[in-house]
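Following: one structure in structure tokens, then a few remarks.
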There are 2 protein chains.
Amino acid sequence: MSIQAVAAKAGVSVATVSRAFNFPGKVTPATRELVERVAHELNYVPNASARTLRTQRSRVLGVVLPTLLNPTFAECLQGIARAAVAGGYAIIPVTTGYKLDEEERAVHLLLAGNVDGLILVVSNPSSSAALPRLQAAGVPYVLAYNRHPDHPCVSVDGEGAVADAVTRLVLLGHRRIAMVSGTLAASDRAQQRYRGYLKGMAEAGLAAPALIEVPFVETAVDALSSQLQARNRPTALICSNDLLAIRSIRAAHLSGLSVPGDLSVVGFDGIALGEDLTPALTTITQPNSDIGRHSVELLIQAMASGATLQADASLLLPHAFRDGESCASVHEDDNNAAIS
Amino acid sequence: MSIQAVAAKAGVSVATVSRAFNFPGKVTPATRELVERVAHELNYVPNASARTLRTQRSRVLGVVLPTLLNPTFAECLQGIARAAVAGGYAIIPVTTGYKLDEEERAVHLLLAGNVDGLILVVSNPSSSAALPRLQAAGVPYVLAYNRHPDHPCVSVDGEGAVADAVTRLVLLGHRRIAMVSGTLAASDRAQQRYRGYLKGMAEAGLAAPALIEVPFVETAVDALSSQLQARNRPTALICSNDLLAIRSIRAAHLSGLSVPGDLSVVGFDGIALGEDLTPALTTITQPNSDIGRHSVELLIQAMASGATLQADASLLLPHAFRDGESCASVHEDDNNAAIS
DNA sequence: CTGTTAGCGCATTCAG
DNA sequence: CTGAATGCGCTAACAG
């Protein structure tokens with residue numbers, strides 16, 4: 001069903017049909033109604049490709065993210081999807097599995113697909129080969145979760161958040177506080193959060209034990225278990241994300257430690273599921289859905305004004321400490337063991 | 001950067017450039033190399049819209065699903081995404097929030113977007129207004145998770161799976177086995193699983209207590225708690241999905257019941273997260289990623305042969321019972337209480 | 001093996 | 001306010 005058919009049946013020109021749809025005001029009410037009626041009868045739907053070809057705007061946004069298996073990104077994508085439809089845009093998501101070459105491939109794919117703009121969560125803005133590509137192409141984009149002075153970003157203050165979390169644990173009496181992270185090199189978020197941990201520990205005058213890095217998620221529980229059975233095991237764990245926190249809790253149980261009785265665990269991300277667990281996850285929450293929504297809105301706004309987004313458009317969204325049940329005051333004897 | 005520019009710089013015709021890309025064999029190796037080199041230098045990328053307009057094929061698949069907040073569908077979408085890129089397709093996902101009018105809107109949107117085919121998870125194939133629309137449009141589609149004799153579906157035998165689960169619980173000594181479900185009317189999966197429950201109970205010669213329906217997820221835990229504190233409370237719960245199972249476990253704890261000590265809980269879906277919980281979730285696993293993958297492959301195959309998929313192309317994928325830690329033999333005294 | 005050309009469906013000048 | 005004509009970038013005949 002093309003615009004031609006509608007024009008013919010309505011006895012007007014294609015230009016009039018086009019106007020009736022795109023500039024209803026520029027057409028006599030009578031002819032507009034006529035066109036609308038005929039279009040409806042013929043079940044006419046404007047052809048998106050033709051329109052895109054002609055206007056050079058696809059009204060499609062590309063989304064590049066590491067994985068959908070982490071609810072954090074699923075929640076974010078949901079936010080993106082909602083905001084996109086609300087703004088009249090469709091989205092094409094591509095997952096990269098935290099792999100740099102996949103990031104590049106994804107951007108290439110999306111650019112070839114004629115997207116008007118991109119939202120991406122990259123491993124590390126500094127080392128991403130995809131970003132220069134994007135800038136060269138002149139396509140507007142915004143980074144979500146990442147933080148970098150040279151790029152437009154929508155994120156939270158992960159460093160400050162973790163530092164605060166350390167302070168809270170210290171107030172609960174914890175002294176041996178360890179951090180658990182995925183591969184540090186694979187994510188600037190993990191690096192920021194680790195910095196926050198170090199900062200918080202330094203401020204409390206505590207020595208920070210070595211980072212517990214669990215590169216491959218499959219073996220995370222085993223790796224953690226051995227650490228938790230060590231002589232001077234930590235009394236509290238700060239985990240770089242909620243998935244790790246959940247696995248840490250499991251590792252604790254497998255090691256015969258109860259949470260929060262013997263071990264306190266704090267997560268990061270604020271995935272919805274955390275509230276339904278037992279113990280309910282204590283975590284630093286990010287507004288995942290809002291991160292997605294704001295990314296879309298920033299992008300749409302930039303595209304409307306014809307400019308590509310600059311770094312100074314970056315948004316820092318508020319985080320929060322969600323008090324759950326996986327954290328408690330430290331046992332007296334535990335700390336004694338630490339001191340002695 | 002258009003094909004014209006490449007042709008000009010390479011000193012050949014646009015047709016040759018087009019062939020060099022689409023039918024490399026139909027071009028002299030020398031000219032092909034030349035074209036490729038020039039195209040690379042000019043950073044040329046074929047324009048997807050123009051190609052789509054010309055060929056009437058977008059190489060884009062639409063995906064309609066209820067939500068990404070349930071890891072089941074996130075896992076499925078991940079499977080869809082992988083298979084799609086592997087097959088040279090992009091995807092446009094749209095979420096419906098289990099709302100029928102949103103399903104219709106989504107299909108409309110996607111059809112207007114020129115997708116070549118659709119994968120959808122609808123509330124109920126029988127009552128969906130979106131499906132007739134699709135058939136009318138002649139666009140190939142496949143349903144995922146849904147089951148219906150008149151549509152091509154990729155799914156598992158939810159009814160049989162739940163009936164088997166009941167049998168297992170009975171073998172563990174359970175007699176008072178209840179089913180927990182979301183809004184039954186909102187999903188044919190829930191209905192199938194409930195039928196399986198009734199069947200399993202009947203086969204065991206047990207009376208099935210009324211379905212515990214928790215329409216609004218937010219209040220699920222409260223609703224469940226009250227049920228679990230009733231005089232003749234169930235000793236085992238079969239939940240229509242893993243998210244409900246997780247909430248049920250929380251409700252049990254809030255009611256002072258331990259899982260699996262006082263209450264056994266079985267889920268449905270097999271979300272990855274379930275294995276990391278404590279207790280690890282006992283559940284009926286579906287191959288979520290494979291459901292997505294097969295849906296894509298079926299669709300691509302159908303599109304290649306030019307036909308729209310028929311109901312007889314439906315696939316029934318294998319499910320499995322994943323033994324976790326949320327299920328145990330019933331306490332003797334609990335059953336006595338039931339008998340007395 | 002390569003070039004010329006038409007047209008996919010639409011938005012947009014420019015005339016009237 | 002409306003119509004005729006042009007071209008967005010590409011592929012598929014067809015001709016050479």
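Below, all heavy atoms of this structure are taken into account, side chains as well, without hydrogens, waters or symmetry copies. A, B, ... follow the sequence lines: proteins, then strands. Residue 1 opens every chain.
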According to a strict under-4.0 Å criterion, is A:Ser2 in side-chain N/O contact with OP1 or OP2 of C:dG9?
no
N/O donor-acceptor pair under 3.5 Å between A:Arg147 side chain and A:Cys153 backbone
no
Closest non-hydrogen atom pair between B:Tyr145 and B:Cys76, with its separation:
OH-CB, 3.4 Å
Can you sort out which residues in residues 105-117 of chain B have a heavy atom within less than 4.0 Å of DNA chain D? Ascending by number, please.
none
Contact residues, residues 32-41 of chain B to DNA chain D [heavy atom, < 4.0 Å]:
none
Please find the pair of heavy atoms, one from A:Thr308 and one from A:Pro140, that lie closest to each other, and give the distance.
CA-CB, 4.1 Å
Supply the atom-to-atom distance A:Ser187 OG to A:Gln192 CD, rounded to the nearest 0.5 angstrom.
7.5 Å
Between the main-chain N or O of B:Arg293 and the side-chain N or O of B:Asp290, is there a donor-acceptor pair closer than 3.5 Å?
no
Between A:Asp116 and A:Val60, is a side-chain contact (heavy atoms from CB on, under 4.5 Å) present by the stated rule, with each step listed?
CA-CA 6 Å; A:Asp116 286 346; A:Val60 174; over 6 Å; no
Output yes when a side-chain donor or acceptor of B:Thr95 lies under 3.5 Å from a complementary backbone atom of B:Leu65, and no otherwise.
no
Where does the chain B footprint on DNA chain D start and end, counting 5' to 3' with a 4.0 Å heavy-atom cut-off?
D:dG9 to D:dA13
Nearest-angstrom distance from the residue atom CG of A:Leu53 to P of C:dG7
17 Å
Axis-to-axis angle for the helix from C:dC1-D:dG16 to C:dG16-D:dC1, ends of five pairs each, to 10°, equals 40°
Indicate whether OP1 or OP2 belonging to C:dG9 is found under 4.0 Å from a side-chain N or O atom of B:Gln56.
yes
Give A:Thr31 one of three labels, base, sugar-phosphate or nothing, depending on what nucleic acid heavy atoms sit under 4.0 Å from its own.
sugar-phosphate
If the condition is side-chain hydrogen bond (donor to acceptor under 3.5 Å, both in side chains), which residues does B:Glu104 pass it with, not counting sequence neighbours?
B:Arg133
Quick check: do B:Glu36 and B:Phe21 have side-chain heavy atoms less than 4.5 Å from each other?
no
Could you encode protein contacts along nucleotides 11-16 of chain C as a string, one character per nucleotide from 5' to 3', using B for base contact, S for sugar-phosphate-only contact and - for no contact, with a heavy-atom cut-off of under 4.0 Å?
BBB---
Just by modelled atom types, is the B:Ile291 backbone N or O under 3.5 Å from a matching donor or acceptor in the B:Ser295 side chain?
yes
Spell out, as yes or no, whether a donor-acceptor pair under 3.5 Å connects the side chain of B:Thr28 to the backbone of B:Ala30.
no
Please identify which of these residues, A:Val115, A:Ile80, A:Val296, meets the side chain to side chain contact (heavy atoms under 4.5 Å, CB included) condition with A:Leu61.
A:Val296
Please answer whether the main-chain N or O of A:Arg51 pairs with a side-chain N or O of A:Thr55 as donor and acceptor at a distance below 3.5 Å.
yes
Quick check: does any side chain N or O of B:Glu103 sit under 3.5 Å from a backbone N or O of B:Ser123, one acting as donor and the other as acceptor?
yes
Is A:Ser314 reaching over with its side chain to a backbone N or O of A:His151, donor-acceptor style, under 3.5 angstrom?
yes
